[in-house]
Structure formats: C-alpha cells, structure tokens
Amino acid sequence: MTMAAMAMALGLLSATVAGTIDPAVWPAPASGNPTSEAWASIASTFDIVLPTSVGADTVLGRSAGRYKSKIAALTNTANGVNKSTGGSATASVSTLTVMVDDATSLTPFTFPVDESYNLSLVAGGSSVELRAATQWGAMRGFETVLQLCEGSIIGGGAAALPSPLSIQDRPRFHWRGVMMDLARHFYSVKFILKTMDVMEGNKMNILHLHITDDQSFPLESDVVPELAEKGAFHPSQKYSAADVATIVAYGVDRGCHVVPELDMPAHTAAWGNGRPDIMVQGTGCSASPLEHGDVMNPTTESTFDVLDELLSEQSARFGGAFFHLGGDEVPTSCWTDNATVVGWMKKQGFTTTGQIESFFVNKVAVGPKFSKHKQNLVYWQEIFQNNVTLGPSTVVQAWKTDVMPDVMRAGLRVTNSYGWYLNHGCDNYGDGNWDKFYMNEPDLLAPGVTPEQRELLLGGEVTMWSECVDETIFEAIVWLRTAGAAEKMWSPKAATGSAGVDVATRLAKHRCRLLQRGVTVEPINSGGAGSLAVNPIC
C-alpha cells in the first residue's frame with residue numbers, strides 16, 4: 001500500500017470525491033442512499049461494537065467477528081467492484097455500533113424471523129449505527145456494510161462508506177432459496193458450506209438439499225444403514241451424522257435454513273439397493289437399475305415402519321422448521337401393473353392411483369415417531385394437484401404455472417420455482433439468462449387471489465438439478481442468474497420491474513464482487529438486456 005493510500009485509509013486526507021460512486025449493493029436495499037459523492041474511509045482501528053449482553057460465542061458475535069475480519073482485509077487489489085475512482089475521504093469511520101431489540105434474549109432461528117435493519121451515519125460522523133429488531137436482521141446489515149466497503153474503494157485504495165448514510169431495508173419474501181441436487185452428483189461438505197457463504201452474500205436464507213433420488217442414496221443412517229451402504233455412489237461419497245451437524249450449524253451462523261428432502265414414493269430406485277422389500281417390483285416399473293420408474297410399496301406395514309424410523313432419525317439430526325418429502329412424478333403404472341398392489345387397492349376400496357398417493361403421504365406424515373418432531377412438511381406441487389389431503393402447516397413447492405392460486409385458495413403456503421429452473425436435464429440454459437430470472441415475478445403467477453391469500457406466498461427457490469452438473473461447474477451455472485432471482489425476492493416489487501442497462505450494470509459490478517470473493521461466476525454478457533454494454537474489467 002502506498003503512503004497516500006495508507007493516509008487515506010486512516011482518514012488523514014480530505015478532498016471531494018470526483019463523481020458519484022455506486023457500490024452496487026446487491027440485492028438493492030428497500031430504501032436509502034447506497035450511492036454518494038461524499039465518503040468516510042474505514043479506519044485501521046475499525047471495530048464492530050455489540051451490545052454488552054451479546055457474547056463473542058453467539059451467532060451474532062461470530063457473525064460480527066467474520067465481518068470485521070472481512071472489512072479489515074479490504075485493499076485496493078482485493079476490491080473488484082469500483083477500482084480506483086480518484087476521490088478521497090472527508091472523514092474516518094472507526095466503529096459500527098450494533099443495537100438489537102432482542103439483545104438480552106436473542107431471537108432463536110425460527111421461520112420466519114424479522115430480517116429488517118437500518119443503517120445510519122451522520123455527515124462527518126465516526127460511528128455507523130446498525131439497528132435491527134433481531135440478530136438475524138443485524139447480520140443482513142453486516143453484509144450491506146461489507147458490500148458498501150467493497151464497492152467504494154476510493155483514492156486508489158481506501159475502503160469507505162457513504163457519508164451521510166441512511167438505509168432502511170427488509171426482505172420482500174421470507175423464503176429465498178437455492179436447491180442443490182446431491183443425489184445425481186455428489187457434492188462435498190466443503191462445497192456445500194461455500195455455497196451457503198455465497199447465499200449469505202446474496203441475502204438468501206433457504207438451502208434445500210435434494211439428498212436422495214433414483215441415482216443414489218448418500219445419507220448415512222444408524223437405523224437403516226443398508227440404504228447408504230448399498231445406495232451411495234461410493235463409500236467415500238456419503239453424508240454422516242457429523243456432516244449433517246456441520247452443515248446445519250454453519251447454516252444457522254449465516255441465517256440459512258437447511259431443508260432436507262428425501263423424495264418419495266417415487267424417485268426412489270436407489271432405495272431398492274439396500275431395502276428391496278419396501279419397493280414395488282413389476283413390469284410397469286423401471287426397466288433398468290437406478291432409472292426413474294420404481295415406487296415404494298404401499299401395501300405393507302414394513303414400508304412405513306422403515307420410513308418412520310428413518311425420518312424420525314433424520315428429522316432429529318437436521319432439526320429446523322421444515323422437512324421436504326418430495327412426492328413428484330410418480331409413475332403410477334408401477335402400481336397398477338402389479339397384481340399385489342391392484343388386489344390391495346380393491347380391499348381398500350381405492351379406484352384411482354391418487355387415492356394410493358393420499359394414503360401413502362398421510363400415513364408417512366402421521367408416523368408415530370416422525371410426527372413427534374412437528375415439522376412443517378414440504379411437497380412438490382403434484383401432491384396437491386392429485387387431491388392428497390394435506391395438513392394446514394404444509395408448504396407446496398410450485399414448479400409449474402397453474403397451481404399457485406389454487407394452493408393459496410386452499411389456505412396452504414406456497415413457494416415458487418417456476419421460471420427459476422437453472423437447467424432442464426442436461427440443458428443448463430434452463431429457464432433462460434439472468435434477465436429472465438430477474439423478471440420472473442411470483443405475483444404474476446398467482447392471479448385472482450385475495451390480499452389475505454397472497455400472504456401465503458412465502459417466496460421462491462432457484463433449482464439446480466445435477467443430471468450433468470457437479471461442483472466443478474456448479475457456481476458458473478448458478479450464481480449470476482441466482483443473484484438476479486435473489487434481488488427479485490429481497491428488494492421491493494416496485495424496484496425490480498425491469499432488467500435494463502442500469503440493473504445489468506449493477507449486476508456486473510456484483511459479479512466482480514463475487515469473483516473477488518472466490519466465486520466462479522459466468523460473465524454478464526452471457527445474455528440479457530444491455531449486457532454487452534456493461535462488461536467491467538474485474
């Protein structure tokens with residue numbers, strides 16, 4: 001660092017900044033002034049001051065420690081959003097003072113939580129104030145402060161904050177998710193943790209882990225050990241109880257709910273490797289091993305005994321408010337071509353496969369051990385469309401255009417993934433480029449509902465299926481487009497009505513930020529409105 005840059009970092013130089021700097025805070029705050037012509041540099045003694053009742057070894061304390069280190073580490077070469085702008089600072093900021101309403105009894109990690117926060121700095125002031133109702137809101141404020149510092153490197157090297165500064169921010173939706181498919185390709189725990197770091201940097205809070213499918217069963221179990229022993233791709237490619245604990249704890253520290261999915265009764269061919277007794281065998285099922293077509297056997301109590309033991313065990317390990325049980329794309333011919341199932345249907349008085357599905361889903365949900373955990377169950381939309389009776393706490397994950405209004409009118413909560421599929425099979429173009437993801441408006445997918453019913457729309461989730469994707473290319477495919485969806489789900493609806501050059505410019509700067517954080521993000525000119533005109537050198 002040059003002497004001039006060092007002096008600037010200590011706030012010893014003063015001049016006017018040449019032109020307005022836009023640090024490209026992403027997602028855009030609900031209101032406030034993240035751009036400015038006057039800036040206060042970050043002092044070398046910068047500190048984050050927490051309420052005295054908040055210890056260093058709390059979620060908020062650990063978060064403050066991480067962000068303090070990140071801000072302290074900023075240099076001109078580390079910044080990739082605005083290289084030297086030629087300006088200088090008029091003041092020096094030495095502290096970020098945190099005030100949270102729940103300081104004496106920190107709000108536990110439930111769903112939803114209040115993630116709102118306010119940031120303020122008076123002109124010429126030396127302390128930024130961060131006010132939040134909960135520790136979770138304060139953590140979102142830390143990210144905004146970091147982005148302001150990363151995006152406003154001035155005078156060749158000084159991280160700075162707008163002076164004066166006033167931001168009032170809160171998320172539009174409570175459910176802002178990413179789905180990772182761990183069943184078709186294995187992802188290391190280290191990579192899953194890194195994904196949550198990137199999610200935190202985009203203010204996303206739901207990591208949906210699609211853990212099992214036809215191709216593999218990588219989740220270790222003490223009560224049904226043969227499922228992973230014979231269902232994983234390789235003995236080294238399994239998730240242990242310790243792995244689960246690591247992932248969940250890491251998520252909590254970043255305000256990220258981990259939602260496990262064990263898909264059933266279909267997408268279960270790999271289960272048959274270890275427990276063929278719980279699967280239907282027959283000509284209507286899959287023609288080859290580990291291909292879609294196999295379904296679970298609803299005719300025997302042993303199927304439900306195994307599921308109850310397994311789900312109770314995994315529910316205890318993952319904890320949290322939600323457990324996803326899939327329910328999509330059931331190949332019903334596997335049932336109807338099986339003489340045992342057909343005979344059982346007659347005894348039950350069933351005339352449709354929808355009745356089998358309803359029986360299966362509800363019997364699993366009320367399993368004597370699993371139900372004691374009282375988690376909110378999540379299903380893909382087919383379960384709702386097949387007229388399965390669902391409890392009032394159910395969440396339906398929509399991935400087609402036609403179901404959301406009906407789900408809301410039925411009084412059930414819903415999340416949207418339609419228009420946010422990153423791939424379709426091995427077509428990694430999926431639902432389009434970043435501008436398509438940015439302009440995918442959930443409200444437009446739910447016409448004709450009342451304001452009260454619209455409150456049941458929790459938000460949305462970007463999905464990354466892994467037929468032809470593993471962690472070597474995951475980030476390049478996921479993060480530019482997912483960042484677009486992240487702003488749609490966080491920022492006010494009125495602020496995300498177009499994907500023009502101004503948005504593309506901000507997203508291009510945010511891409512530079514992510515690159516400097518070690519995330520492999522595809523270029524902005526992969527497509528989208530005005531993208532060719534906004535290709536900064538990072």
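A salt bridge is defined here as a Lys NZ or Arg NE, NH1 or NH2 lying under 4.0 Å from an Asp or Glu carboxylate O, and Glu143 with Arg513 fails to meet this definition. Using a cutoff of 4.0 Å between basic side-chain nitrogens and carboxylate oxygens, Asp253 and Arg62 are scored as salt-bridged. With respect to Asp197 and Lys194, no salt bridge is recorded, no charged nitrogen being found less than 4.0 Å from a carboxylate O. The pair Lys493-Asp443 meets the salt-bridge criterion, with a side-chain N (NZ, NE, NH1 or NH2) lying under 4.0 Å from an Asp/Glu carboxylate O.
Side-chain atoms of Val462 and Phe437, non-hydrogen and from C-beta on, do get closer than 4.5 Å to each other. In this structure the side chain of Val252 reaches within 4.5 angstrom of the side chain of Val59, judged on heavy atoms.
Using a 3.5 Å distance cut-off with no hydrogens or angles, the side chains of His292 and Glu329 do not pair a donor with an acceptor. Gln375 and Ser315 share a donor-acceptor pair across their side chains, judged by distance under 3.5 Å alone. Donor-acceptor pairing under 3.5 Å is recorded for the side chains of Gln397 and His324. Judged by distance alone, the side chains of Thr107 and Asp102 do bring a donor and an acceptor atom under 3.5 Å apart. Looking only at atom types and distance, the side chain of Asn376 has a donor-acceptor partner in the side chain of Arg413 under 3.5 Å away. Of the N and O atoms on the side chains of Asp328 and Trp399, not one donor lies less than 3.5 Å from an acceptor on the other residue. Of the N and O atoms on the side chains of Ser240 and Asp243, at least one donor lies less than 3.5 Å from an acceptor on the other residue.
Around CZ of Arg131, the count of heavy atoms belonging to other residues, nucleotides or ligands within 6.0 Å does not exceed 12.
Here Trp465 and His210 bring their ring centres to under 6.0 angstrom of each other. Here Phe109 and Trp136 bring their ring centres to under 6.0 angstrom of each other.
A donor-acceptor pair is defined here as one N or O able to donate and one able to accept, closer than 3.5 Å; no such pair exists between the side chain of Asp47 and the backbone of Val49.
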